Amino acid sequence: MTGEALLSAHTVLQFDPGQFLDIFDAIPRAVWAALLVVVVGLIAAAVLGTLTTRALVRFGVPEAIEGTAFERTAREFDTSTVEVLGTLVRFFVLGITFLAVLSVGNVTVAASFWSRTVQFLPQLFFAVIILIVGVVVGDKVQLVVGERLTGIKLPQIGVFPRLAKFSVFYVAVLIALSQLGVATLALVVLLAAYLFALVLLGGIALSDLLKSGAAGSYLLLNQPYAIGDEVQIGDARGIVQEVNLFVTHVENNGEEFIVPNSTVFEKGVVRIRE
């Protein structure tokens, strides 16, 4: 290689720090700050989203909510409740990052609503989280209440699991609205109206069930008949197999009669002694 070629290669490879500083100074400091915020925000979003997902898995959340309607819906979209919550955390951090970039970059549109948005965005985030948790917990409560009441063979019992679910969801909606700054008095009035309607409609719809429950309490305390006794309640005659709060199970020749306890009070009971 000739001397001129070596000199040319040396000139190309020569690094001048002054040129780099000139380029750095040519770009506004606000742009550099915005780029730094973007990098930090992206890293924070990825890390916090992953940590949220792992923390929920570590605390056994996927097993606890298995079978709920929200979890099944999430699975249909090839995701899960835990992943949805982790994604919400990522979007929340990215939203904060976006607003921070606008503020650092001195964007005019951000200056007017930056302070209000910074206050509202966390409230919106927590409101969405509360709604999701309310839906999931409501589904889980419905499953648990339904399992607890499977032994009671009354058609009205099917109302209780749904009632428990919607009660949890309603409370979650009220809490979410309070996070968004809705007046507390309005929330209290809504909650009172809901409870009043719940008691009124529940009393009307479940009047027979309430009668059976009251009668069952008396029967369990006084025990006018016991398991193994032969009785006749109305048209049902047989051996008493079970007595619970709402119904009495009577069996005769392979047939099982499930008699509401209110019927015992209305028609009376005959103990058969042979």
Side-chain angles (χ1 to χ4, degrees), residues 34-103 114 116-151 157-182 184 187 190-191 194-195 198:
L35 289 174
L36 180 61
V37 171
V38 169
V39 173
V40 173
L42 291 175
I43 295 174
V47 172
L48 291 176
T50 303
L51 289 177
T52 300
T53 303
R54 291 182 178 179
L56 294 174
V57 172
R58 185 180 182 85
F59 285 112
V61 173
E63 292 79 9
I65 61 176
E66 185 68 30
T68 60
F70 190 90
E71 179 68 12
R72 293 197 304 269
T73 303
R75 292 291 177 85
E76 291 178 359
F77 290 93
D78 295 327
T79 183
S80 65
T81 304
V82 170
E83 289 294 337
V84 170
L85 293 174
T87 302
L88 282 176
V89 171
R90 294 186 184 96
F91 279 116
F92 172 71
V93 176
L94 290 176
I96 293 293
T97 301
F98 175 73
L99 294 175
V101 168
L102 293 179
S103 178
W114 166 252
R116 288 182 298 175
T117 306
V118 167
Q119 296 177 357
F120 177 74
L121 191 59
Q123 294 173 352
L124 179 62
F125 170 74
F126 285 115
V128 173
I129 293 295
I130 290 170
L131 285 178
I132 293 177
V133 172
V135 171
V136 174
V137 173
D139 290 337
K140 188 64 178 180
V141 169
Q142 182 182 17
L143 293 176
V144 172
V145 173
E147 291 175 358
R148 297 286 184 180
L149 299 178
T150 38
I157 286 296
V159 176
F160 282 100
R162 294 183 180 181
L163 196 60
K165 171 185 177 179
F166 287 114
S167 296
V168 172
F169 181 67
Y170 187 82
V171 172
V173 169
L174 294 183
I175 297 175
L177 290 176
S178 68
Q179 289 292 318
L180 296 177
V182 178
T184 307
L187 298 180
L190 287 174
L191 181 59
Y194 174 78
L195 293 176
L198 192 64

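What you are looking at is a predicted structure, and each value in this text was computed from that prediction instead of being measured. Any value given below was found using the heavy atoms of this structure, including those in side chains, with hydrogens, waters and symmetry copies removed.
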- Measure the CG-CD1 distance between L48 and I43 for me, rounded to the nearest 0.5 Å. 11.5 Å
- Message: According to side-chain hydrogen bond (donor to acceptor under 3.5 Å, both in side chains), does anything in residues 132-145 pair up with another residue at least two apart or in another chain? List the pairs.
- Response: D139-K165
- Message: Is it the case that over 12 heavy atoms from other parts of the model lie below 6.0 angstrom from the CZ atom of F126?
- Response: no
- Can you spot which of I132, V61, V128 makes a side-chain contact (heavy atoms from CB on, under 4.5 Å) with L85? I132
- Note on the structure: Closest heavy-atom pair, V145 versus A164, reported as atoms and distance to 0.1 Å, is CG2-CB, 4.1 Å
- Message: For a 4.5 angstrom cut-off between non-hydrogen side-chain atoms, does L35 reach V39?
- Response: no
- Note on the structure: Closest non-hydrogen atoms of T97 and V37, given as atom of the first, atom of the second and distance, are CG2-O, 3.6 Å
- Partner of V141 under side-chain contact (heavy atoms from CB on, under 4.5 Å), picked from L143, V137, V144, is V137
- Drop me the distance from L56's CG to E83's CD, to the nearest 0.5 angstrom. 9.5 Å
- Task: Tell me, please, which residues at least two apart from R75 pass salt bridge (charged side-chain N to carboxylate O under 4.0 Å, His left out).
- Result: E66, E71
- Message: Between L42 and V93, is the side-chain contact (heavy atoms from CB on, under 4.5 Å) condition met? List the steps.
- Response: CA-CA 8 Å; L42 291 175; V93 176; over 6 Å; no
- Item | Heavy-atom closest pair, residues A172 and I130 | O-CG2, 3.5 Å
- Item | pair V173-F169: side-chain heavy atoms closer than 4.5 Å | yes
- Query: Can you name the residues that form a side chain to side chain donor-acceptor pair (under 3.5 Å) with T50, not counting sequence neighbours?
  - Reply: none
- Task: Determine the minimum heavy-atom distance between A74 and T81, stating which atoms define it.
- Result: CB-N, 4.0 Å
- Message: side-chain contact (heavy atoms from CB on, under 4.5 Å), that's the test. Do I96 and F92 meet it? Break it down for me.
- Response: CA-CA 6 Å; I96 293 293; F92 172 71; 4.1 Å; yes
